Structure formats: structure tokens, C-alpha cells
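What follows is one structure encoded as C-alpha cells, with my remarks underneath.
In this text, all values refer to a predicted model and were calculated from it rather than measured experimentally.
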Amino acid sequence: MHTAHLGDLDVSRIGLGAMTMAGTYTSEGALDHDESIRTIHRALDLGVTHIDTAEIYGPFLSEELVGRAVAGRRDEVVIATKFGLVSHRPAADPAPGQIDSRPESIRAAVEGSLRRLGTDRIDLYYQHRVDPAVPIEDTAGAVAELVAEGKVLHLGLCEASPDTIRRAHAVHPVTALQTEYSLWTRDVEAEILPVLRELGIGFVPYSPLGHGLLTGQIRSVDDFADDDWRKTNPRFTGANFARNLALVDEVTAIGAEIGATPAQTALAWILTRGADIAPIPGTRRVARVEENTAADAIELTADQVARLEALEPAAGARHDDANMASIDQ
């Protein structure tokens, strides 16, 4: 496995997202915790050194599974987790909204994550969403205290705007930014990536396979369970879905030229974007992690890269209005 560089943190060029191990995509069938753990073990065996989770996944279940899986192999892996979408306010102190990045809540969150992950340090600790009620300088300062104590090694941000990134970085170095990036979501190329590269911050794309659509395995949303959130995602509905299937067909055709699956083709394209980019395709299946990590060895031709570059971005917003409101803050 080749290596990517997130600031001064080296990780495998392809990582593993552990969100779906907590059942986020319910149409993928019943959860199988043993299979999830086997998937993490297989990823480590294949050279993956970067596993991404969060306290909100489950909540808590994903971190617990990661902790069980890396027991005895902790030094082989960079563990990234996130705070801010689970409230740590006392029961007698309710507050509107879900985001909670008060310094005292960050400290409560990190202690819970350390316990569930069975470790004494978190390698990369992200603010899951920017908290409009807490200045980013206070958030970065709170994490800086945890770094000084050795409980956290690196600070990360998710879905932050260029201005927020700069302000946080001025307080404590930001190692990585995480947001959505794939052949169908390329918004970051305009402003975010230039700022990251100016400041020496790495980039971790989540959903590099378009919430599963770029795998080529989804041809209809009619079979999705009613509680699968993709069923109401703008990109999976109506005319948008039909247009986006056409994009997938183009990716499939290009991959067929070199014997690659659509997922491998989409990941191989991201890997051409720079050594400071480390995607984290998510799965809870051994077969899928084997397919995804094999993209590290795929070489696209200049012509194939150009054809992929020329594809139209996905039709439809990438989230509903409520979720879009917390992005690029």
C-alpha cells in the first residue's frame, strides 16, 4: 500500500471508514459485528493503516467495534474519531441543536472515545461539524490541551469553510480536513483544496464512492429500506437518480478497459489528485475492503483520467436542507 501525507501524519493511501458498521445504510442488511471485525482485520492485513470512526456512529457502536478489532494491533493503525454530534450536556441542562463543541464537552467526549477504543491516545481527532455557538478558536484550544496531555496527537476538522480552517490553524496546527469528495462531488477543488495546500493540511475524502452509487451495485432505490437515509437524499431521487446512473455507467465503461470495477476506478481517480489526499471508503464487508484496497495498484492512463475529469458532477444537492446547513461553516 502506498502512503499519503496528512500534514506530518503518514497514513495508507486508502483507509477504511467504519460508519456503516453501525448500520447507517440499513439496506445493506442486518449488522454482523463479527464480520465487521473481520473486515478491519483484513484491512490491516492488506496494509490499511488508517481507520476512521466517530462517537455518533451508533452512537458509540462503531468505536466499540474498532476498539475490539485493533486490540493487540494498536500500533499498526492510525485511529481517527470525531466529537461534536453527541451532546455531553447534563440532563438538567438541555440545549437546542445537536452540535456540542463546548470545551467541557470535548473533554467528556474524548474520555468516552478512549475507553471505547481501548487506547490511551487518539491519533486524529476531528470536530465533526463546526459549532456555531462556540468560536473555532475555543474548540482548537480545547483540543490543543488534549494534545499537550498526550490524549490526542492531531487535530482535524470536518466540513469547515476556508475561513474557519485558517482561524483554527492559527491556534493549533490542523492536520487534516474531512469532507465529501468523489467523481460526483468536486466542490472542494475551487476553494478548500487550495487553502489546505497553502497551509500544509491533508485532505481525507469521505464517501469517495458516492454513498455506494459509484460501486455500480445500485440500480434502483425501490429496494432501499424506508429508514435508509439515501431514500430521501436528493441525488437518489427522481430525475436526479436517473442522471446519476448515467455517470456511473461511464465510470463502469472506463474501468472495464483495464479490468477494474467501478468502485476501483472511482478510487483510482481520487488517488491521482495528490499524495496529500487519503480517501476512506466505508464498508463492513471483507469482500468490499479487498476490492477497495486493490485500487491502490490501478494505473489509469492519461486519457482515462481526462475522460473521468470531463464527467458532469452529480445532479442534486449532496444532502437535504437540514444537513446542508451545517456544511462549509
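Summarising the geometry, atom CG belonging to Asp187 is positioned 9.0 Å from atom CG belonging to Asp328; distances are rounded to the nearest 0.5 Å. To the nearest 0.5 angstrom, Asp163 atom CG is 11.0 Å from Glu191 atom CD. In this structure, the separation between NZ on Lys82 and CG on Leu157 is 12.5 Å, given to the nearest 0.5 Å. Note that the CZ atom of Phe60 and the OG1 atom of Thr53 stand 11.5 Å from one another [nearest 0.5 Å]. Separating the CG atom in Leu247 from the CG atom in Leu308 is a distance of 9.0 Å, to the nearest 0.5 Å. We find the OG1-CZ distance between Thr293 and Arg288 to be 12.5 Å, quoted to the nearest 0.5 Å.
A salt bridge does not link Arg74 with Asp120: none of the charged nitrogens is closer than 4.0 Å to a carboxylate oxygen. Taking 4.0 Å as the cut-off between side-chain N and carboxylate O, Arg107 and Glu104 do not count as a salt-bridged pair. Remark: Arg116 does not engage Glu64 in a salt bridge, criterion side-chain N to carboxylate O under 4.0 Å. Taking 4.0 Å as the cut-off between side-chain N and carboxylate O, Arg38 and Asp34 do not count as a salt-bridged pair. One finds no salt bridge joining Arg284 and Asp32 here, because no Lys/Arg side-chain nitrogen approaches an Asp/Glu carboxylate oxygen to under 4.0 Å. Glu149 has no carboxylate O lying under 4.0 Å from a charged side-chain N of Arg121, or vice versa, which leaves the two without a salt bridge. Under 4.0 Å is where a charged nitrogen must lie from a carboxylate oxygen, and between Arg285 and Glu35 no such pair does. One finds no salt bridge joining Glu250 and Arg307 here, because no Lys/Arg side-chain nitrogen approaches an Asp/Glu carboxylate oxygen to under 4.0 Å. A salt bridge between Glu309 and Arg273 is present, with a side-chain N of the basic residue lying under 4.0 Å from a carboxylate O of the acidic one.
Within a 6.0 Å radius of CZ in Arg73, other residues, nucleotides and ligands contribute more than 12 heavy atoms. When the shell of 6.0 Å around CD of Glu189 is examined, it contains more than 12 heavy atoms from other residues, nucleotides or ligands. Atom CG of Asp226 is surrounded by 12 or fewer heavy atoms from other residues, nucleotides or ligands within 6.0 Å. Shown here is Asp227, whose CG atom has more than 12 heavy atoms of other residues, nucleotides or ligands within 6.0 Å.
With hydrogens and angles disregarded, a donor-acceptor distance shorter than 3.5 Å links the side chain of Arg13 to the backbone of Asp296. Although no hydrogens or angles enter the test, the distance criterion places no donor-acceptor pair under 3.5 Å between the side chain of Ser326 and the main chain of Arg129. Panel note: side chain Asp320, backbone Thr232; no donor-acceptor pair is recorded below 3.5 Å. In terms of modelled atom types and a separation under 3.5 Å, the side chain of His172 and the main chain of Val143 share no donor-acceptor contact. Side-chain N or O atoms of Gln264 include one that pairs as donor or acceptor with a backbone N or O of Glu291 at under 3.5 Å. No side-chain donor-acceptor contact under 3.5 Å links Asp138 to the backbone of Val134.
Across all their heavy atoms, Leu300 and Thr265 have their closest contact at CD1-O, 4.3 Å. Counting all heavy atoms, side chain and backbone alike, Leu65 lies closest to Ser36 at CD1-CB, 4.2 Å. What you find for Val188 and Pro194 is that their closest heavy atoms are O-CD, 4.2 Å. Shown here for Ile106 and Tyr125, the closest heavy-atom pair between the two residues is O-OH, 4.0 Å. The two residues Pro281 and Gly15 come nearest to each other via the heavy atoms CD-O, 3.6 Å. Pairing each heavy atom of Leu214 with each of Val248, the nearest pair is CD2-CG2, 4.1 Å.
Contact annotation: the side chain of Arg42 never approaches that of Ile40 to less than 4.5 Å [non-hydrogen atoms, C-beta and beyond]. Contact check for Tyr126 versus Thr81: no side-chain heavy atoms found under the 4.5 Å cut-off. Taking 4.5 Å as the limit, every side-chain heavy atom of His211 sits out of range of all side-chain heavy atoms of Arg235. A 4.5 Å side-chain heavy-atom check between Thr39 and Met21 finds at least one atom pair inside the cut-off. Residues Leu117 and Val70 are not in side-chain contact: their nearest non-hydrogen atoms beyond the backbone lie 4.5 Å or more apart. For the pair Val86 and Asp100, the minimum side-chain heavy-atom distance is 4.5 Å or more. Side-chain contact between Phe83 and Val110: absent, with no pair of heavy atoms (C-beta onward) separated by less than 4.5 Å. Side-chain contact between His128 and Glu55 is absent, with no heavy-atom pair separated by less than 4.5 Å.
Under the 4.5 Å side-chain contact rule for hydrophobic residues, Leu311 and Leu209 share a cluster. When the side chains of ILVMFWY residues are joined at heavy-atom separations under 4.5 Å, either directly or via intervening members, Ile201 and Ile122 end up in a single hydrophobic cluster. Linking ILVMFWY residues whenever their side-chain heavy atoms come closer than 4.5 Å, directly or via other members, places Ile79 and Val174 in the same cluster. Put simply, Val251 and Leu213 are part of the same group of oily side chains (I, L, V, M, F, W, Y) that touch within less than 4.5 Å, one to the next. Hydrophobic clustering (side-chain heavy atoms under 4.5 Å, transitive across Ile, Leu, Val, Met, Phe, Trp, Tyr) groups Leu16 together with Met1.
Inspection of the His88 and Ser105 side chains reveals no N or O donor paired with an N or O acceptor under 3.5 Å. Counted by atom type alone, Thr179 and Glu159 present one or more donor-acceptor pairs between their side chains at under 3.5 Å. Remark: the Ser207 side chain and the Glu180 side chain contain no N/O donor-acceptor pair separated by less than 3.5 Å.
Remark: aromatic rings of Tyr181 and Trp269 are close, center separation under 6.0 Å.
For residues 192-220, every residue pair satisfying the salt bridge (charged side-chain N to carboxylate O under 4.0 Å, His left out) rule, not counting sequence neighbours, is listed here: Arg166-Glu198, Arg197-Asp276, Arg219-Asp249.
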